[in-house]
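Here the structure is laid out as structure tokens; the discussion comes afterwards.
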Amino acid sequence: MPVRVLLFAAYRDAAGREVIDLPLPAPATVAEVLRQLKLAVPGAGALPERPLVAVNQVHARLESPVADGDELALLPPLAGG
Amino acid sequence: MPVRVLLFAAYRDAAGREVIDLPLPAPATVAEVLRQLKLAVPGAGALPERPLVAVNQVHARLESPVADGDELALLPPLAGG
Amino acid sequence: MSWPCCRRSRGVDVGHLTDAAIALGPLLEEAARPDRGGVTTFLGLVRNHQDGRTVLRLEYSAYLPMAEAETDRIIAEAAARWPARVVVRHRVGALVIGDIAVAVVAAAAHRAEAFEACRYVIEELKRRVPVWKKEFYADGTIEWVDPTARPARVERT
Amino acid sequence: MSWPCCRRSRGVDVGHLTDAAIALGPLLEEAARPDRGGVTTFLGLVRNHQDGRTVLRLEYSAYLPMAEAETDRIIAEAAARWPARVVVRHRVGALVIGDIAVAVVAAAAHRAEAFEACRYVIEELKRRVPVWKKEFYADGTIEWVDPTARPARVERT
């Protein structure tokens, strides 16, 4: 199944990419997507073990399920306000 | 000794006066000034037993001393802000 | 008695009490500095109701010299407790619905300090600064407001 | 990726995030009403220092659609807990020292509610809304700010 991964700020700089479409065996979890991402994108190896994540624009956990067509975002430490 | 008593807002309306100079035997307390005021000014009889008071622009108590030339203010319930 | 409204003892400063409309912009300028990134402001606006009655307008009066001095003391207490700069303005005279009756601006390097200093100052101001409010109601009556005579819920307004 | 900045889904509303300078006046107008007499505002201003280093300017970026949605959720949570109207604006793009980076305005009938709602929203916003800050220092270095890597005292800024 295709999953779109979005990278922001420092993570985007590290990976050199901001949007990555990954083909994945369904069903998957956030953790599995993260593992595949680190294999597929060299710069992504520098991402932390447990980054802040969102699935379809809602905060999620590494154990959260990821479904066909979901948008998974990897969020560096927030620094708003 | 002369003591100046200031009345504000509802107390001023009740007493019909805003400044009252009272001659008093020294030493005196706020309570004594209040007692004399109620005798001297008819409308002051309606003032409460224990009003909020200030001596020389600082919050005081009924037991606080009042000295020659002091300015004693009787303060209705505060309603600022 | 009448005191000149309002104090002009701090240079061009008009003191904490003022008979002119309160504009927030200048107060923010006065409190803020490039190293104070958190600014908490409280505005007390004239409401159109009080205890279920419709208010048309109101008048604030004050024991001006004590109100200035007590506000000075409150600001000094806040400055001793938090590294914050606090600016206060309170209207006296005639106000209409929506007017700013009081403004408290607290600027600090960190937002917790700004919030705490601002809250402290408005709470103490309401508790200690000698200001009185006369409300003019739609039914034609006029009253000196007595917060101590109100139910607790409303007293916190 | 780029989303149109910024949401215009609520009529003329520009959404919670904006690439234009934040003016407080319109936000107060938006939050206030004649029956909401207590208005607490928090402004986060761009400071000229961070962890002892001199900051010249900065850039905020955001995961815009999620930032809008998460801010919506936070405001709804506040509205469920306190009878308060809360308005939020957060800048994105390039800012200089003294600019308003974020503004939270909470208007309620009573000041306790206004303070609590305002504080809740800014705390949750900093904790949950996906916005990032790149700081440009006087020494020529540039860094993505990581509040989690800082001493606790500074983290609360």
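Remember, predicted model here, so these are calculated numbers, not experimental data. Naming convention: chains lettered A, B, ... in sequence-line order (proteins, then strands); numbering from 1 in each chain.
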_Given heavy-atom pairs under 4.5 angstrom as the criterion, report whether the side chain, backbone, both or neither of D:R36 touches chain C._
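When you check distances to chain C, only backbone atoms of D:R36 fall under 4.5 Å.
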*Please flag which part of D:V46 lies under 4.5 Å from any non-hydrogen atom of chain C: side chain, backbone, both or neither.*
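For D:V46, backbone heavy atoms alone lie under 4.5 Å from chain C.
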Work out which heavy atom in [X] is nearest to a heavy atom in [Y]; give both atom names and the distance.
X: C:H49; Y: D:D35; answer: CE1-CB, 3.4 Å
X: D:A109; Y: C:R47; answer: O-NH1, 3.2 Å
X: C:C118; Y: D:F115; answer: SG-CZ, 3.8 Å

*asked:* Only pairs of heavy atoms separated by less than 4.5 Å count here; which of D:A107, D:A106, D:G38 has the most with chain C?
replied: D:G38
_pair D:L28-C:L24: side-chain heavy atoms closer than 4.5 Å_ =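 D:L28 vs C:L24: side chains touch.
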*Can you sort out the partners of D:W82 under ring pair (Phe, Tyr, Trp, His ring centres under 6.0 Å), two or more places apart, ordered by chain and number?*
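With sequence neighbours excluded, D:W82 shows a ring pair (Phe, Tyr, Trp, His ring centres under 6.0 Å) to D:Y120, given in chain and number order.
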Donor-acceptor list for residues 91-104 of chain C side chains, cut-off 3.5 Å, not counting sequence neighbours:
residue, atom, partner, partner atom, Å
C:R91, NE, C:A20, O, 3.4
C:R91, NH2, C:A94, O, 3.1
C:D99, OD2, C:V96, N, 3.0

